[in-house]
Amino acid sequence: MEFPFLNDLNDSQREAVTYTGGPSLVIAGAGSGKTRVLTYKVAYLLHTGMHPASILALTFTNKAAREMKTRIGQMVGYDTARYLWMGTFHSIFARILRTEAERIGYTHRFTIYDTADSKSLVKAIVKEMQLDDKVYKPGVVLGRISSAKNSLVTPQAYAADSGLQQSDRLAKVPMMTEIYTTYCARCKQADAMDFDDLLLQTNLLFRDHPDVLQKYQSLFQYILVDEYQDTNFAQYLIVKKLAERHEKICVVGDDAQSIYSFRGANIDNILTFKNTYPSARLFKLEQNYRSTQTIVNAANSLIDKNSAQIRKTIFSQKEKGEPLKVTNLYTDLEEGTYVADTIRSLHRRPGYGYGEVAVLYRTNSQSRVLEEALRKQGLPYKIYGGLSFYQRKEIKDVVAYFRLITNPNDEESLKRVINYPARGIGDTTVGKLLDCAHTHGASAWDVLTDPLKYNLPVNAGTAAKLAKFRDLINALAAQAGTLNAYDMAQSVIKATGFLADTLLDRSPESLSKQDNVQELLKAIHEFCENKAAAGEDNAYLPDYLAEISLLTDQDTDQADDADRVTLMTVHAAKGLEFKVVFIVGMEEELFPSAFCMENERDLEEERRLFYVAITRAEERCFISYARQRFRNGKMNFSNPSRFLKDIDPQYLDCPQEDFHEPPRTIGSWDDDLDMERLRFGHGSFSPSGRQPAFVPPPAPPKRLTKLQPAGGNASPTPVAYDGLPVGAYVQHAIFGIGKVIETNVDNGNAKAVIDFGDQGQKTLLLKFAKLKVLK
DNA sequence: GTATAAACACTTTTT
DNA sequence: GTGTTTATAC
């Protein structure tokens with residue numbers, strides 16, 4: 001029987017889908033139908049008679065896996081699709097690790113530490129070792145541990161590596177080896193793996209247990225990897241080992257969209273795929289179905305400035321489209337107003353619903369001003385990023401109980417809940433407990449189980465409190481084998497006193513906590529029902545935990561189909577598309593980020609990030625930058641991003657200035673003037689969205705002639721106005737060009753009467769008006 | 001052992 | 001400007 005779906009594909013897509021002879025690399029340009037190729041390829045493999053359980057398809061997000069699974073299910077039937085090994089790297093290998101856990105000294109119920117747990121553990125270790133946590137910053141230390149794990153460097157290897165040792169000495173953190181060693185020992189003691197362990201331990205498992213490797217090698221007849229440009233060394237090696245036998249592997253990705261190197265992703269994996277698999281075929285998907293020709297061409301001209309890449313010619317056959325509009329604003333606040341105004345004006349046209357619009361920024365902190373600007377004008381929006389559901393304190397607390405019940409050795413969970421709700425077990429006692437455990441090489445739970453054996457130095461009252469807590473957890477653990485996850489969850493929040501504690505007060509925070517916990521219970525209920533519906537007997541607490549510990553905010557987004565503007569970071573936007581895209585904050589030290597400007601490699605990644613941002617747009621792309629911006633509580637002055645110069649100007653619409661002007665010096669006279677303009681100018685110029693959307697913003701301050709002395713301290717001294725002679729021509733942002741009729745000082749404020757021709761005569765306060773004097 | 005205030009630090013973050 | 005952590009008093 002002929003595979004019925006081939007007609008849905010273009011030539012290059014079809015070639016990529018039907019080639020199953022050996023390793024293949026599919027370079028999928030932005031918007032070129034990458035997911036389509038992956039899903040069709042899986043369907044095609046099934047069509048050729050391959051069993052679903054012998055296909056391994058790896059993605060980076062649960063969402064991607066879920067969507068692909070759904071689409072394949074629609075093509076070949078859910079009863080087939082459900083047997084596919086399709087999921088994130090982490091979830092697939094967590095599953096394999098649970099099966100094989102005993103081989104590497106873990107139990108199948110091991111806990112997965114999230115980043116907060118890992119950080120807390122590092123912090124505790126640094127403190128115990130009496131090191132300065134200003135020097136050994138937990139985040140930095142964890143980063144080094146994470147890179148080590150992603151490069152498959154175990155603590156022993158770390159100690160033996162002179163390069164790493166020297167690097168640590170240079171970074172003034174010579175105790176890294178000891179911290180790393182202790183960190184791993186503690187995780188093991190707690191029967192816990194962090195995110196990186198899921199990949200590292202899989203590698204160790206395959207390295208040290210050839211029979212296990214062989215088992216999975218023969219199980220997986222075909223391996224597919226999505227977003228291959230984002231794989232790190234640990235992922236690369238797992239895939240390589242698994243594929244070693246049949247070399248039936250297809251990886252899909254786009255080197256131009258590699259933006260996760262800070263998480264260990266190595267772009268070389270995709271760039272040098274041919275070295276790993278010399279017989280590999282290369283397929284390029286170069287037709288972009290998403291964006292206008294102008295957007296595609298602009299993005300091409302940008303990415304062309306990068307040196308490390310696989311050359312390709314992305315093209316679009318859609319309409320030519322409008323140029324990318326670049327806009328210069330004075331301040332971040334005005335940028336917000338500009339975005340809101342433009343969205344509103346677009347929205348008046350049919351086909352431009354709010355849901356078609358996204359505002360993308362480099363850092364989450366930029367969202368505030370934008371949010372306020374949109375809210376001020378009553379525009380509906382949704383923000384991605386920030387605290388996810390599972391990172392909220394109350395949820396983490398409840399989940400910590402679940403974790404502790406499932407795995408009492410889970411020290412991070414124990415620390416979290418042993419005194420929450422308050423049971424009179426304070427820091428001192430917990431400190432003694434942990435200290436005692438660590439000196440005896442036991443887990444905290446071991447000590448709790450038999451305090452006398454370990455000589456825990458506490459008085460009788462404290463000992464009783466500890467015993468009570470221990471009995472509570474034990475009692476719940478005993479129930480966990482018989483009750484399903486939902487019944488258990490209810491039992492937990494009652495028995496632990498959690499419910500009573502949150503119900504106690506009626507403060508708004510407490511009410512919101514209750515809501516969130518109810519939400520959690522609802523989710524657990526759904527989980528149990530789904531399992532029951534599928535006829536599976538794995539709806540117990542550990543099963544639920546195994547599922548959620550690898551879930552993140554991306555997965556919890558409510559089916560929110562309300563028509564809202566989307567606000568998110570460029571990173572979060574990867575893989576998405578919008579009719580209209582705003583890219584804001586295109587400024588030096590922000591985009592590219594100040595942290596990425598030192599070496600060319602990082603800079604190229606930032607350029608790819610900009611590329612990702614532009615290629616999210618289907619029809620219109622608006623790029624803006626501000627001259628000054630609040631950052632970290634301070635006002636900062638900035639220059640336009642160097643990346644703006646990388647785009648071929650023929651695709652841009654930027655009338656008001658070129659961004660080739662030399663860098664401005666901070667604290668110059670101009671900037672003082674700017675500060676003044678910001679403070680006063682704002683109220684008169686960005687009122688409630690009166691400004692028409694496409695009015696060119698005021699000219700850059702650089703070209704301003706002095707209109708008033710830099711008496712910025714707002715003293716009541718009369719302000720001179722000798723810089724503005726009667727008869728001079730000036731330009732105003734809204735009224736246009738006008739002639740000065742007269743100037744005067746009224747109540748210490750310099751004023752000018754200006755004739756704007758058909759706009760009429762206006763009396764303007766010079767300190768409010770942004771006037772450009774024309775020569 | 002717990003509640004307050006000052007001190008602090010702050011890119012991006014698929015898991 | 002915001003949220004988190006640590007120091008201090010209760």
Side-chain angles (χ1 to χ4, degrees), chain A residues 58-66 87-94 112-116 118-120 123 127 133-134 137-140 142-143 146 149-150 193-200 226-227 229-232 234-235 257-265 332 360-369 372 384-388 390-391 393 419-420 422-431 461-462 465 548-555 568-576 585 589-597 602 605-606 608-610 612-613 629-635:
Chain A
L58 298 166
T59 65
F60 275 84
T61 64
N62 295 300
K63 196 173 153 209
R66 205 170 41 230
T88 64
F89 273 91
H90 291 81
S91 68
I92 293 287
F93 296 115
I112 296 172
Y113 273 177
D114 66 19
T115 313
S118 302
K119 214 170 195 166
S120 150
K123 215 169 171 177
K127 199 170 178 182
D133 65 358
K134 297 272 166 7
K137 294 192 185 110
V140 175
L142 190 61
S146 180
K149 286 188 173 181
N150 286 328
M193 295 199 199
D194 66 14
F195 288 142
D196 301 318
D197 273 328
L198 297 174
L199 306 173
L200 171 65
D226 189 15
E227 309 278 16
Q229 76 281 355
D230 289 332
T231 50
N232 60 34
Q235 290 161 326
Q257 295 185 61
S258 163
I259 54 172
Y260 279 102
S261 75
F262 66 93
R263 295 267 307 111
D332 48 355
L360 308 183
Y361 34 80
R362 180 65 180 77
T363 67
N364 277 311
S365 55
Q366 289 166 259
S367 69
R368 260 185 56 87
V369 230
E372 261 157 42
Y384 285 75
L387 270 197
S388 83
Y390 290 102
Q391 286 174 327
K393 188 186 175 300
N419 197 33
Y420 186 79
R423 3 181 116 77
I425 304 171
D427 289 347
T428 323
T429 309
V430 176
T462 309
K465 287 175 193 164
I548 63 156
S549 39
L550 292 170
L551 275 187
T552 41
D553 39 328
Q554 300 276 318
D555 306 300
M568 53 168 60
T569 63
V570 182
H571 281 93
K574 194 177 142 204
L576 306 178
E589 312 214 304
L590 183 59
F591 203 167
S593 154
F595 297 82
C596 301
M597 304 204 338
D602 289 351
E605 174 149 323
E606 291 282 302
R608 290 194 293 268
L609 192 58
F610 188 26
V612 167
R629 172 180 303 278
F630 264 113
R631 276 228 269 171
N632 302 339
K634 277 214 284 290
M635 180 61 78

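Quick caveat: nothing in here was measured; it's all calculated off a predicted structure. Proteins come first, then strands; the chains are lettered A, B, ... in the order of their sequence lines, and each starts at number 1.
The aromatic rings of A:F89 and A:F60 sit tilted relative to each other, their planes meeting at an angle between 30° and 60°.
In this structure, A:D230 atom CG and B:dT12 atom P are separated by 17 Å, rounded to whole Å. Counting to the nearest Å, the P atom of B:dT13 and the CD atom of A:E606 are 12 Å from each other. Atom CG in A:D602 sits roughly 12 Å away from atom C1' in B:dT12 (whole-Å rounding). Distance, A:L360 CG to B:dT13 P: 12 Å, rounded to whole Å. Remark: P of C:dT6 and NZ of A:K137 are 14 Å apart, rounded to the nearest angstrom. Taking atom CD on A:E589 and atom P on B:dC10, their separation rounds to 18 Å, with Å as the unit. Computed from coordinates, the A:F595 CZ to B:dA9 P distance equals 14 Å when rounded to whole Å. Here B:dC8 presents its P atom at 14 Å from NZ of A:K123, a figure rounded to the nearest Å.
With centres under 5.5 Å and a plane angle under 30° as the test, the ring of A:Y260 is not stacked against the base of B:dT12.
Side-chain nitrogen and oxygen atoms of A:N364 include at least one within less than 4.0 Å of the OP1 or OP2 phosphate oxygen of B:dT13. A sub-4.0 Å separation between OP1 or OP2 of C:dT2 and a side-chain N or O of A:R368 is present. The side chain of A:T429 contributes an N or O atom lying less than 4.0 Å from OP1 or OP2 of B:dG1. Regarding contacts with the backbone of B:dT13, a side-chain N or O of A:T569 is found under 4.0 angstrom from either OP1 or OP2. Between A:S365 and C:dT2 there is no side-chain N or O to OP1 or OP2 distance below 4.0 Å.
Here A:G424 lies in heavy-atom contact (under 4.0 Å) with sugar-phosphate atoms only. In this structure, A:S549 reaches neither bases nor backbone, as no heavy-atom distance under 4.0 Å exists between it and the strands shown. Among the atoms of the strands shown, none is found under 4.0 Å from any heavy atom of A:A94. Within the nucleic acid shown, A:G633 comes within 4.0 Å of at least one base atom, counting heavy atoms only. Residue A:N419 is in sugar-phosphate contact alone, with no base atom involved, counting any heavy-atom pair closer than 4.0 Å across all strands shown. Using a 4.0 Å heavy-atom cutoff across all strands shown, A:K634 reaches no nucleic acid atom at all.
Here A:K149 pairs with A:D197 in a salt bridge; the nearest charged N to carboxylate O distance falls below 4.0 Å. For A:E227 and A:K574, the salt-bridge test passes: some basic side-chain N is under 4.0 Å from an acidic carboxylate O.
Side-chain proximity of A:H571 to B:dT2, B:dG1, B:dT13: nearest is B:dT13. The side chain of A:D133 has C:dT6 as its nearest neighbour among B:dT11, C:dT6, B:dT14. Here the side chain of A:F60 is nearest to one of B:dT14, B:dT12, B:dT11, namely B:dT14.
Between the side chain of A:R362 and the base of B:dT12, at least one donor-acceptor pair of N or O atoms lies under 3.5 Å.
Ring centroids of A:H571 and A:Y260 are separated by less than 6.0 Å, placing the two rings close together.
Each of A:C596 and A:D196 has a nearest nucleotide on DNA chain B; the 5'-most of these lies closest to A:C596. Of the residues near DNA chain B, A:I425 and A:L198, the one whose nearest nucleotide (by heavy atom distance) lies more toward the 5' end is A:I425.
By the rule that a glycosidic angle within 90° of 0 means syn, B:dT12 does not qualify and counts as anti.
A donor-acceptor pair shorter than 3.5 Å can be found between the side chains of A:T88 and A:S91.
Summarising the local packing, NZ of A:K393 is surrounded by more than 12 heavy atoms from other residues, nucleotides or ligands at distances under 6.0 Å.
A cation-pi geometry, defined here as NZ or CZ lying under 6.0 Å from the six-membered ring centre and within 45° of its normal, does not hold between A:K119 and A:Y113.
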